[in-house]
Each structure stands twice: as structure tokens, then as C-alpha cells.
Amino acid sequence: MLEFQRIVFLQGLFTFVIVPAIAIFLGFVAPSNLVTVKLTHSFFHTANIIQLHRSPTYFPSPPYTLFSTRVVLPSRTIKPSYILITSEGKIHDLCPSLARTPSEWRKVVIDVSPLVVMPGLIDPHVHVNAPGREEWEGFEHATRAAAAGGTTTILDMPLNNVPSTIDAESLQKKIRAWAHSDSVVDVGLIGGIVHGNKESVGDLIDGGVLALKSFMIDSQSAHFPHVNAADLKDAVVELNRIFSNSNYVGREVPYILHAELDDFGPDTGSRATTQGTYDHTSYDDYEKSRPHSWETNAVELAANIANNTRVHIHIAHVSSHRAAQRIFELRSSNSFKGKITAETCTQYLVWGKEEIPPGSTSYKCAPPIRSVRNRDKLRSYLFRIDRESASLDFVASDHSPCPPELKQGENLTKAWGGISGLQYRLQGTWSVAKELNLTIIQLSDILSGRPASVFGIDGMKGVLKSGLDADLLIWDPESSVVLNPGNCLHRHKVSAFHGYKGQGEVYYTLLRGRPVYNRNSESLAVSNTHPSPGRLLMREKRDGTISQRLSTEFSQYS
Ligand SMILES: *[C@@H]1O[C@H](CO)[C@@H](O)[C@H](O)[C@H]1NC(C)=O
Ligand SMILES: *[C@@H]1O[C@H](CO)[C@@H](O)[C@H](O)[C@H]1NC(C)=O
Ligand SMILES: *[C@@H]1O[C@H](CO)[C@@H](O)[C@H](O)[C@H]1NC(C)=O
Ligand SMILES: [Zn+2]
């Protein structure tokens, strides 16, 4: 009896005095409103040491176990779960309790409840601008901003870097630029198909790109000439030939199109209608200069050329609800025999042009932001995602930053076209989703699961399941933050999103179980471990052999 009381006393002393004291001493207690220390298991009833604490200021190195009351599971439910993370940073398993797991998984348990744990976000449309224009962004800044926004994988576009990524040699330059920089999230590369480089398409695929991309209209970059109708046809024929080869291994590499085509046809280049009483500071005039018909023209031509082929067309940044409708029809029709997927971007879901003050160059992008009415319709095409034939698969940022000088002044014609929003994709999209009463599960789909499957990395990322990378976004969907330059990790602090009240706050972003962003550490620090934790995601060659190896580690997948 005496012995029992002594144990109870010791246990109480331990639980309520010693452990909190040690926790405070070690700096576990975070300046937050969350409970900081929680001991749910008695130290006296098990031989294993379990550190269960909330709001950790640091994470141990894997292996360890992560717990939350709210984990987004592959079964499309949110439930309390323990995520067992291996020393390689993979998910070993997810369990509702630790009762039946081997004792090694009970040694270190980090409890982040009530924060939501979901798959790290995947943003397949980012312009890193390296090599050649690191002063516009670069891998260090892009990947840190990504991490701060909960993103663990980005796909980098083949322009506006110099040279453009359009053949084996320029792809090597891109890979070297990546290898010499310090990326904190994973990066996949996209190759360019431009006027006159069709013989490089096979080399780009063998070089490991995850997708190919063309512009159907002037790209703003002299180094990235757009394709005319004949080029587009040649590209599709070439891709179809590659994919139809019996030695071709893996899924068809998606062919991304910047789908704007002016009313003068595919062979004339851009001819924005800025004549007459055109006001260079009016967003309304800017929007009218690149009308809906440009998007629907482009979708029609692309669908026509890719029809009856094995080419997977992916329409980038759909802004017009009419284009979304046309894609919906193509997908639902029995006569269209091709594969077509599509994305929209945060900015098209958040704003209507009526809300943009005159001369606001930070909102300039192409295609333009359209009316509020258009925005509301566009939202409905995105959130048909649970239906059989969805129209828009996911939301990308189309992060396309530039030096502040190129956004200076109020002339929308002169300003660089591109919105800086990589860090803000979660908050922008979640704000809209919340307004529409959508769930965190749907959000996870359109920011992570769907992009992973469209670009063929779903065997590696995009859901929380055994064998996949432990890339995790840990966040509070109930709080809101006014996005501001002070917390911005993009190289340049110009963004249409600054001043916007975004729903949701990122607490931690983990790449393969290691933190690459931690809100609780001083400032907006991200991991500075060496070598840097980000990896380059390379597709295997057409015949299934490995693309290439540098001294740096590569992730291969099949
Ligand atoms: C695709 O081809 C079929 C004939 O195989 C045709 O009926 C259909 O209209 C075509 N669709 C497009 C979008 O070109
Ligand atoms: C705006 O820029 C365009 C393109 O550089 C130029 O043609 C036009 O004159 C400018 N307008 C004003 C009002 O500055
Ligand atoms: C969302 O739910 C709230 C409360 O149930 C309701 O008032 C509102 O109309 C809903 N909004 C939409 C867009 O369905
Ligand atoms: Zn882009």
C-alpha cells in the first residue's frame, strides 16, 4: 500500500513537476496557445520512453512517430493517427493506436494535435528562373518560400531561365544550377518544346524531365519561341511515336500547353488589341485584350491535334470558365479519344478583375484575371473534382516573379506578366474552399493528390500511405493570417497576395520526416542542414534505364 502511494506520488511529481521543468529547460515550450507538454503514458508502466509533446520547437531525426488527432488519410477521412516515419524518411505505416506496434515506434512520439497533418503540397507550375536569372528568384529562395507555404515538391518550368530548357545541353545547365544551389524541397524539371526543336524531345525525356511544355502564343521570352499549328502537330506526332514504341517504359510524359491563341490564328503570334481608347492602367482593358476566345481557341486546336493519339495534353492555368466548360465536354465525350487534364491557379479563384485597383501591376498575369462572375463559375468546375468527369484537376501557383523594377509604375502593358504566389497557394485556395464549405480532404486532393497523379509521382508522394515519402504539411486550418512582405520568403517582396487575409497557418513543413519550415523557431527559419534536404526528381529513360547520376543524390522512380 505504502509502496503504491509512493509510486503515485513519484509519478505525480514526475508528471507535473519534473517533466515540465525539463521541458522548459530544454526549450520545448513554444510561445503558443497550444498545450505544450502532455504525458498520456506513465513512465512507470512501460519500459519505453515516450516523449509526447505538442508544439515542438524541434523535430528529432527519423525514425520517430508523429501523432495528431487530425490526420488526412488515404481513405479520405480525417482521424487520429500515428504516422511511423523510417530513418530514410518514408512512411512505414499509419496506425490508430500504438498498442500493437513494435516498441521501437514508441520511443519517440511527437504529438502535434490539434494541428492537421496532411500530405506536403505539390506545386507543378513554378518559374524558378535559374540558371541565368537567379536575381529573379533562384532555387534557394523558391524552395524556402515553397516550404513556408507547406509545399514539399515543385515542378520548374523551362522558361524564363536563360538558356531556356529546350535540349540536352540546356537541361544539363538546369541540373547543374540545381546541384550548385541549396534546395530545401524536392524539384522536378519540365522541358520545353519550342518552334524548331522537335528533334530534342526524346533527349529531354531521356534527360529525366517530368513533363514538356509549349506556348501557343508569344511567351514574353525571346529564348522560348511559341509553337505554331505545324509545330504543335509535329510535337504531338513525335510524342505519339515515342509513346507508341514497344520499348517505352512508364506513363506518357504530360505535354503542358500555355493555351492562349489569338483570333488571328496560330501562325501570327500575339496581337493584343490595345488600340483606340485603351487605358494602360485599367485591368478591365487588359482582360479584354486577352479574351476568353483565346483560351477556347487554344483548347480546341490542341484537342483536335491530340485526338486519337496517346499524348496526354495538360492545359496550364485555365482562367476562363468557357475553357473549363470545353475541357469538361471533351472529357465527357465519347468521340474525343485523347487524354486531357487541366489546372487553374490561386489568383483566378480568389479575385475578379472588378476588385483590382487601377495600375496594380502585381496582378498582371496571362491569361488575365477575369470577372467575378467568371471566377465563381470557374470555382464550380474545379470543385466538380469528386465527380466522374472533373474539368479542372488541381490548383497551381504559376509563380512567376521578376525584379521589382519590372513591376514598377502603373502601366499594365509595360509591366512583367506574372504573379508571385508560391508561398501563398495554400492560404489562397483554402480561403476560397472554406467560403464554399469544402473540406480539408478536398483541399488535399487539389493541392497534392491530383498534381501527384497528373505528373506521375503518385507512387512517391501526394497521399499519406505506407512506402511513400513522409512529406508532411502540419497546419492550423482555423486561424487566419494577413499575408505580408515581412513574412515573405520569395527573393522579391512584391506580390498581389500581400494584404490579403488568408485562412490557415502553416506550423511545420517536413520533407522525408525532417523539418524544412518551422513557424516556432526564431524568425521564419528553415532548415540549414548540409547537404540540403531537397532532391531532384528524375524520370527514368524511355527504355526504363536510369537517366543520369551526379554526385548529388537523385530520387528515381518507376
Ligand atoms: C476526335 O475524333 C473523332 C473521330 O475519331 C471525331 O468524331 C471528334 O469530333 C474528334 N474530336 C475533336 C475534339 O477533334
Ligand atoms: C504603356 O506601355 C506601353 C508599352 O511599353 C506603351 O506603348 C504605352 O505608351 C505606355 N502608356 C503610357 C500611358 O505610358
Ligand atoms: C456554407 O455553410 C453555411 C452554414 O451552413 C451556409 O450559411 C452557407 O450558405 C454555405 N455556403 C455555400 C456556398 O454553400
Ligand atoms: Zn507559367
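Counting starts at 1 for both ligands and their atoms, following the listed order.
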Lys/Arg cation over aromatic W136: R133, 6.0 Å, 45° cone: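 The answer is yes, since R133 meets both limits relative to W136.
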Who's the nearest protein heavy-atom neighbour of [atom], and how far?
{"atom": "atom 1 (C) of ligand 2", "answer": "N411 ND2, 1.4 Å"}
{"atom": "atom 7 (O) of ligand 1", "answer": "S335 CB, 3.7 Å"}
{"atom": "atom 9 (O) of ligand 2", "answer": "H280 NE2, 4.6 Å"}
{"atom": "atom 2 (O) of ligand 1", "answer": "N307 ND2, 2.3 Å"}

With heavy atoms of [X] as the reference, note each atom of ligand 1 found under 4.0 Å away.
{"X": "L330", "answer": "13 (C)"}
{"X": "N308", "answer": "2 (O), 5 (O)"}
{"X": "N304", "answer": "14 (O)"}

Heavy atom of protein inside 4.0 Å of atom 5 (O) of ligand 2, strictly below: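 Within 4.0 Å: yes, protein heavy atom nearby.
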Side-chain ion pair, E287 and K353, N-O less than 4.0 Å: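 So E287 pairs with K353 through a salt bridge.
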Min N/O separation T413 to ligand 2 under 3.5 Å: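 For ligand 2, there is no N or O atom that lies under 3.5 Å from one belonging to T413.
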Per-atom contacts, ligand 2 versus K414 - under 4.0 Å to a heavy atom: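 In order of numbering, the contacting atoms are 2 (O), 5 (O).
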Indicate whether the side chain of [X] and that of [Y] have a donor and an acceptor atom separated by less than 3.5 Å.
{"X": "H490", "Y": "S495", "value": "no"}
{"X": "D376", "Y": "S380", "value": "no"}
{"X": "Y283", "Y": "S360", "value": "no"}

Aromatic ring proximity, centroids under 6.0 angstrom, W351 and F497: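 Yes, the ring of F497 comes within the 6.0 Å limit of the ring of W351, centre to centre.
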Value rounded to 0.5 Å, distance of NE2 in H195 from CG in L232: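 The distance works out to 13.0 Å.
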For the Zn ion (ligand 4): the N/O/S atom of D398 at shortest distance: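 That would be atom OD1.
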Heavy atoms of other groups near H498 NE2, more than 12 under 6.0 Å: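 Result for NE2/H498: enclosed.
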H127 atom NE2 and H125 atom NE2 as seen from the Zn ion (ligand 4), angle to 10 degrees: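 Reported to 10°, the angle equals 110°.
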Metal check, the Zn ion (ligand 4) vs H317 N/O/S, cut-off below 2.8 Å: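 No - counting backbone and side chain alike, H317 has no N, O or S atom under 2.8 Å.
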N, O or S atom of H258 closer to the Zn ion (ligand 4) than 2.8 Å: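 Checking H258: none of its N, O or S atoms is under 2.8 Å.
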Passing option when D156 is tested against H399, K174, H127 for side-chain hydrogen bond (donor to acceptor under 3.5 Å, both in side chains):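 Looking at H399, K174, H127, the match for D156 under the side-chain hydrogen bond (donor to acceptor under 3.5 Å, both in side chains) is K174.
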